Amino acid sequence: MPASGPYCETPYDVLIIGSGAAGLSLALRLAAHARVLVLAKGPLTEGSTYYAQGGISAVLDRGDSIESHVADTLDAGAGLCNEEVVRYTVEHGPESIHWLLELGVSFTHETLPDGSPGLHLTREGGHSHRRVAHAADRTGWAVETVLAQRALAHPNIQVLEDYIAIDLITTRKLTGEDNRCVGAYVLNRKSGQIEAFRAAHVSLATGGASKVYLYTSNPDSSSGDGIAMAWRAGCRIANMEFMQFHPTCLYHPAAKSFLITEAIRGEGGRLLLPDGSSFMHRFDPRGVLAPRDIVARAIDHEMKRLGADCVYLDISHRPAAFVRSHFPTVYERCLQFGFDLTREPIPVVPAAHYTCGGVLTDRRARTHVDALYAVGEVACTGLHGANRMASNSLLECLVFAKAAADDILARLDRPHPGVPIPPWDESQVTDSDEEVVVSHNWDELRRFMWDYVGIVRTTKRLQRAKRRIDLLLGEIDEYYSHFRVTGDLIELRNLALVANLIIRSALARRESRGLHHTLDHPETDPALDHVDTVLDPSQPMGGFDPLRIAAQPEASPGGEAETDALGHP
Ligand SMILES: Cc1cc2nc3c(=O)[nH]c(=O)nc-3n(C[C@H](O)[C@H](O)[C@H](O)COP(=O)(O)OP(=O)(O)OC[C@H]3O[C@@H](n4cnc5c(N)ncnc54)[C@H](O)[C@@H]3O)c2cc1C
């Protein structure tokens, strides 16, 4: 195994940090021509992908069209999507689904009206057609397990579980010259050793940062590590104020925010107040099928107005056999908590679900740092704008994994900087004698983010959050420089940095748009259409006003002649 020991002197062609839909798709797309190392900070399949229920959007029905999927995505994105990126993604949707079918993903099929077999397509919020391919309500499981099996079986892909990346290694950090990514320092959680991995290309595929909030639908892995590492390496981070809250997670103290798929509403599920009355029609003519931000805000509003702990989701009017066959996972899970989906309304609340912003990339998934890519939820490609439309995120993972692979393969013969990588320096640190600092700060951070930087914001609450995060950042930095790193400390340091980026971005956007809703600026400002919030680590963080740039058309993927919006050749 070339990667064991404190250094890896055998460089890989590509180091991929993350093993969800984005990381494993990228690995499989590359493996015929490149030696790939994939790192997972826990078990290989543990990430948001595994838990995705609803499905993957793509234009697969004859009555549907690329134009319609593009229009729906732009509409949900509230004036902030990059239309070229949206079109590029949507156009590559059908081939992405066919690629998964070829790999062996067992999507749900049905008999079409003409008698031929076809994919069963469901409909979710914001979509004007049925266009979501799914494997019952376990799409993520079906996709992730097949991708993992394929990756494990491929001789060119090496997979290391329980390896948590701490920081990227760049030539700027090593020599002060240029800024090319040449590898990463990684904690081997089993041995406790920090190892250095060298690679000609590195891709972040670390997922999102929803764990920054107290209540989240995400697994523990979503601690924003990739966004934080990219920031420290010199990448720009965009649109972090747009955190998506899923409207319907099961409300039960032991359920750990178990998500109830939007497809239930797509199949006729109704949202009800505690008195049994429906309310969504008062907020949007599309009712329960309005985009997620509208539904989450409406629920938040009604809960606050009534002082209610939750609202209710009811699909008990549909035949029990239909409910059980379409939503087997949700049905079983709810039963475990004493709720029978086929007979009664179930209690639901919103929870942090998806990070629309992230590491700014172009259409080839390149970041601002040479040889560093970002794919999947960690990235901000311009697809989601101010609000992600349901089931567009797995699609983005697949489409941009392919785009990144094409770009990397076209550059494989570039000379690799032979700069020596020093071992991780632990000479100044000791084992911590007060782990309580870490657990306390985890709790404090996630609670004030929920209370002050949640679904509905105000400037005063954001400023309160900013004062707290400034304090915490100082404390965590000091702790980090004195004590040996652990998985929890790495994640806390990253969460705090990401929280800071979210708060600063939210303070800077003085309007309400998409997922960012502030009572101090309740209207959308047309002057800010197509204006992204871009934070640049080379700019001082003292002021509130981040660099804002209008979305620009980009060079086509792989094209080398022009310069794109990131300034890449
Ligand atoms: C409950 C739920 C339901 C969803 N339903 C849908 C849906 O129906 N349709 C849809 O399109 N989207 C859905 N989403 C969103 C979608 O699942 C995610 O956006 C997508 O799976 C992200 O994939 P990813 O590969 O970018 O990251 P993930 O699948 O989250 O994988 C991240 C990987 O990075 C690794 N990692 C993180 N940090 C480090 C580190 N420091 N070092 C090493 N490894 C690291 C993790 O171990 C993991 O392997 C859902 C999300 C959730 C949580």
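Every value quoted in this text rests on a predicted model; they were computed, and no experiment measured them. Numbering of ligands and ligand atoms starts at 1, following listing order.
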Atom 25 (O) of ligand 1 has as its nearest protein heavy atom Ala22 N, 3.0 Å
Q | Side-chain ion pair, Asp75 and Arg286, N-O less than 4.0 Å | A | yes
For Ser217, the ligand 1 atoms with a heavy-atom partner under 4.0 Å come out as 1 (C), 53 (C)
- [ ] Could you tell me whether some N/O pair between Arg388 and ligand 1 is separated by less than 3.5 angstrom?
- [x] yes
Ring-plane angle category for Phe337 and His252, please: parallel below 30°, perpendicular beyond 60°, tilted otherwise.
tilted
Counting from 1 in the order shown, the ligand 1 atoms closer than 4.0 Å to a non-hydrogen atom of Tyr163 are 42 (N), 43 (C)
Compute whether any side-chain donor of one residue and acceptor of the other, for Tyr354 and Arg388, lie under 3.5 angstrom apart. no
Flag Ser19 as yes when one of its N or O atoms lies below 3.5 Å from any N or O atom of ligand 1, and as no otherwise. yes
| query | Does Leu168 reach the side chain of Leu204, with side-chain heavy atoms less than 4.5 Å apart? | reply | yes
min-distance protein heavy atom vs atom 16 (C) of ligand 1 -> Ser393 OG, 3.9 Å
Is Gly55 close enough to touch ligand 1? Criterion: a residue heavy atom under 4.0 Å from a ligand atom. yes
The single option from Asp72, Leu60, Thr122 that satisfies side chain to side chain contact (heavy atoms under 4.5 Å, CB included) with Arg131 is Asp72
Purely on distance, is any nitrogen or oxygen of Gly208 under 3.5 Å from one on ligand 1?
no
In this structure, CG of Asp220 is separated from CG of Asp488 (nearest 0.5 Å) by 9.5 Å
The complete set of salt bridge (Lys or Arg N to Asp or Glu O under 4.0 Å) pairs with one or both residues in residues 41-60, sequence neighbours excluded, reads Lys41-Asp225, Lys41-Glu491
Of Val132, Leu44, Thr206, Ile227, the residue with the heavy atom nearest atom 32 (C) of ligand 1 is Thr206
Atom 42 (N) of ligand 1 has as its nearest protein heavy atom Ala165 N, 2.8 Å
Under 4.0 Å from one or more heavy atoms of Leu39, ligand 1 contributes atoms 44 (N)
Can you check whether Tyr213 and Phe245 have ring centres sitting under 6.0 Å from each other?
yes
- Query: Considering distance alone, does some N or O of Glu377 sit under 3.5 Å from an N or O of ligand 1?
  - Reply: yes
Ligand 1 to Gly376, heavy atom cutoff 4.0 Å, flagged ligand atoms 26 (O)
If we number the atoms of ligand 1 from 1 as shown, the ones under 4.0 Å from a heavy atom of Tyr354 are 19 (O)
**Prompt:** Looking at ligand 1, does any of its N/O atoms fall within less than 3.5 Å of an N/O of Thr49?
**Reply:** yes
- Message: Any atom of ligand 1 sitting under 4.0 Å from a heavy atom of Ser222?
- Response: no
For atom 51 (C) of ligand 1, the closest protein heavy atom turns out to be His353 CE1, 3.5 Å
Checklist entry - His127 vs His69 aromatic rings, parallel, tilted or perpendicular, using cut-offs 30° and 60°? => result tilted
The reported gap from CZ in Phe107 to CG in Leu119 (rounded to nearest 0.5 angstrom) is 7.0 Å
Ranked by distance from atom 44 (N) of ligand 1, the top protein heavy atom is Lys41 N, 3.2 Å
Distance col, row Glu435:CD vs Leu489:CG, nearest 0.5 angstrom, shows 8.0 Å
Residues Arg130 and Glu267 bridged, charged N to O under 4.0 Å: yes
Closest non-hydrogen atoms of Asp167 and Arg232, given as atom of the first, atom of the second and distance, are OD1-NE, 2.8 Å
Nearest heavy-atom approach of Asn218 to Ser48 is OD1-OG, 3.5 Å
Within 4.0 Å of some non-hydrogen atom of Ala205, the atoms of ligand 1 are 32 (C), 33 (C), 34 (O)
contact_flag Thr139 ligand 1 heavy-atom lt 4.0 Å | no
Checklist entry - Taking distance alone, with no angle check, do Asn218 and ligand 1 share an N/O pair under 3.5 Å? => result no
Atom 46 (C) of ligand 1 sits nearest the protein heavy atom Glu46 O, 3.9 Å
Taken to the nearest 0.5 Å, the spacing of Arg324 CZ from Glu332 CD works out to 9.5 Å
of all protein heavy atoms, closest to atom 30 (O) of ligand 1 is Ser48 N, 2.9 Å
Of all protein heavy atoms, the one nearest atom 6 (C) of ligand 1 is Ala52 CB, 3.5 Å
So the atoms of ligand 1 within less than 4.0 Å of a heavy atom of Asp225 turn out to be 38 (N), 39 (C), 40 (C), 41 (N)
Near Gly47 (heavy-atom distance under 4.0 Å), the atoms of ligand 1 are 29 (O), 30 (O)
Checking heavy atoms under 4.0 Å, the part of His134 that sits near ligand 1 is neither
Side-chain donor-acceptor pairs under 3.5 Å in residues 94-105, sequence neighbours left out?
residue: Ser96; atom: OG; partner: His92; partner atom: O; Å: 2.7
residue: His98; atom: ND1; partner: Pro94; partner atom: O; Å: 3.0

Test your reading of the structure: does Ile56 have an N or O sitting under 3.5 Å from an N or O of ligand 1?
no
*Report the C-alpha distance between Tyr479 and Phe483 in whole Å, list the side-chain angles of each, state the deciding distance to 0.1 Å, and finish with yes or no for ring-ring contact (aromatic ring centres under 6.0 Å, His included).*
CA-CA 6 Å; Tyr479 191 90; Phe483 298 114; 4.7 Å; yes
TODO: Using distance alone, decide if ligand 1 has a nitrogen or oxygen within less than 3.5 Å of any nitrogen or oxygen in Pro219.
DONE: no
